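Working notes for the structure below.
Proteins get letters first, then strands, A, B, ... in listed order; numbering begins at 1 in each. The structure displayed is predicted, hence computed values, not measured ones.
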2 protein chains.
Amino acid sequence: MALTREKILDTAFEVLRQFGLADLSMRRLATELGVAPGALYYHVKNKQELLTHLASRMLHRVLVASSRRGRAGTGKLAIICGELYTQLMPVKESAEVIRLAIALHPQEQGPGHLDLLDILESEFKPLCGSSAGLAASSLLHLALSLIEEEQTRALLTGAAPASDPPASYISALEHLIKGFTVSPSTPPGY
Amino acid sequence: MALTREKILDTAFEVLRQFGLADLSMRRLATELGVAPGALYYHVKNKQELLTHLASRMLHRVLVASSRRGRAGTGKLAIICGELYTQLMPVKESAEVIRLAIALHPQEQGPGHLDLLDILESEFKPLCGSSAGLAASSLLHLALSLIEEEQTRALLTGAAPASDPPASYISALEHLIKGFTVSPSTPPGY
DNA sequence: ACCTGAACACCGTTCAAGT
DNA sequence: ACCTGAACACCGTTCAAGT
């Protein structure tokens, strides 16, 4: 029965998934856990830290789901982008939570967005060399922005979001990847 | 002395610029204007509408500044991206405010982000035809994300932000533009 | 160590009533 | 028409005091 950081994160995730960011307050979380608001602060420094942990958790799931879906090097970027969409889309405003977390602490943190950025960067390395870092963060930024746009569209219309990434999402990310890919010095005719 | 929507927006902009989004509350705005909180609601529907108007205003300034800087068609995209950075950077969390406004009402509104998107799209038309719309929104999304990242970095370090766009910002956007640009059917050798 | 009770300093929004 | 006063239903965070 004891309150635990994991249990707080579990219910936080569930509240976010079902009701969105506006309903994810410390007080709401406390009542949901049958506990006084102040109790949360024994397990979590503040709301921002909680959101950061929540974001790490969600990105970690994306990574796990991606690694289950393929081992090949070439299609790895596409797989991760796809899983980003399918994992995040059903959780209301998850893209915003993740962008908040990325913005608020650009360099630190264990599992989460740095893991993802590292993997993206290593996938970009053979494609564009020294620009791989910039390419990785650009890809993540654009993917999250497009997902966020799609999520708010779904919130406004009230419709259930499409579970598969739309063509425009895939197309935009492919164009970005292409833009960062350095063309081989020997043209394809040779 | 009469309270007016313009006057509210003026002080809202000033509060945002100096103190950031966390300090931009309806109550703070009211005291800053020497007025009761409820008085604001006679001129503005709610806080969200206020933020939307504020975003439109800032994007409009970007457009005005861009049109003063050049008439040529080819470098127009670069000019707008540059003005986005230099105009938004000094206003704390302005990129977030604009993204919020874009997310919250994707289709409507008079001056503001639709004007900007239309112009970006018309600039992309000769470069990539039917993908111009997607290219335009991708470019805006990425630019705002990068600016937002830079702004929060500046907030955390407390340092004054660089007034000129950093090389990584320019490089990332150029790669994106390149990725959307369809290569001419006749290779450059001919 | 872990949690409650209660407070502090705030929010956005509404609405009768005043002028 | 425009604004005040006062309320309603909330926030995040802290901290003595209890167990």
- Task: Test Leu50(A) against every option in Lys45(A), Met26(A), Arg5(A) by the side-chain contact (heavy atoms from CB on, under 4.5 Å) rule and name the one that passes.
- Result: Met26(A)
- Taking the same atom, P, in dA9(C) and in dA9(D), what whole-Å distance lies between them? 23 Å
- Atom CG of Leu33(B) and atom C1' of dC2(D) are separated, to the nearest Å, by 14 Å
- Task: For nucleotides dA7(C) and dC11(D), find the distance between their C1' atoms and express it as a whole number of Å.
- Result: 14 Å
- Task: Figure out the CD/P separation between Gln48(B) and dG12(C), and round it to whole Å.
- Result: 12 Å
- Message: Strictly by Watson-Crick or wobble contacts shorter than 3.5 Å, is anything paired with dA16(D), and which nucleotide is it?
- Response: dT4(C)
- Ser94(B) side chain to Leu88(B) main-chain N or O, any donor-acceptor pair under 3.5 Å? yes
- Note on the structure: Scanning all shown strands, the Watson-Crick or wobble mate of dC10(D) with both distances under 3.5 Å is none
- Should Asp115(A) and Leu59(A) count as side-chain neighbours, where that means a heavy-atom distance under 4.5 Å? no
- Message: How many whole angstroms separate atom CG of Leu40(B) from atom P of dT13(C)?
- Response: 10 Å
- Closest-nucleotide ordering on DNA chain D, the 5'-leading residue of Gly34(B) and Ala39(A): Gly34(B)
- Query: In whole Å, what is the span from the OH atom of Tyr41(A) to the P atom of dG5(C)?
  - Reply: 18 Å
- Message: In whole Å, I'd like the distance from the NE2 atom of His43(A) to the P atom of dA1(C).
- Response: 12 Å
- Can you tell me the distance, in whole Å, between the CG atom of Leu50(A) and the P atom of dT13(D)? 10 Å
- Among dA7(D), dA1(C), dC11(D), the one nearest any side-chain atom of Tyr42(A) is dA1(C)
- Between CZ of Arg27(B) and P of dT4(D) the distance, given in whole Å, is 14 Å
- 5' priority, DNA chain D, between Ala22(A) and Gly38(B) [closest heavy atom]: Gly38(B)
- Nearest-Å distance, CD (Glu49(B)) to C1' (dG12(C))? 14 Å
- Item | Nearest to side-chain heavy atoms of Met26(A), which nucleotide of dT13(C), dC3(C), dG12(D) | dG12(D)
- Query: Which nucleotide in the list dC11(D), dC3(D), dT13(C) gets nearest to the side chain of Ala2(B)?
  - Reply: dC3(D)
- Task: Could you check which of dT4(C), dC3(C), dC11(C) has an atom nearest any side-chain atom of Ala36(A)?
- Result: dT4(C)
- Parallel, tilted or perpendicular, as decided by the 30° and 60° cut-offs, for the rings of Tyr169(B) and Tyr85(B): tilted
- Message: For the CD atom of Glu149(B) and the NE2 atom of His141(A), what is their distance to the nearest 0.5 Å?
- Response: 3.5 Å
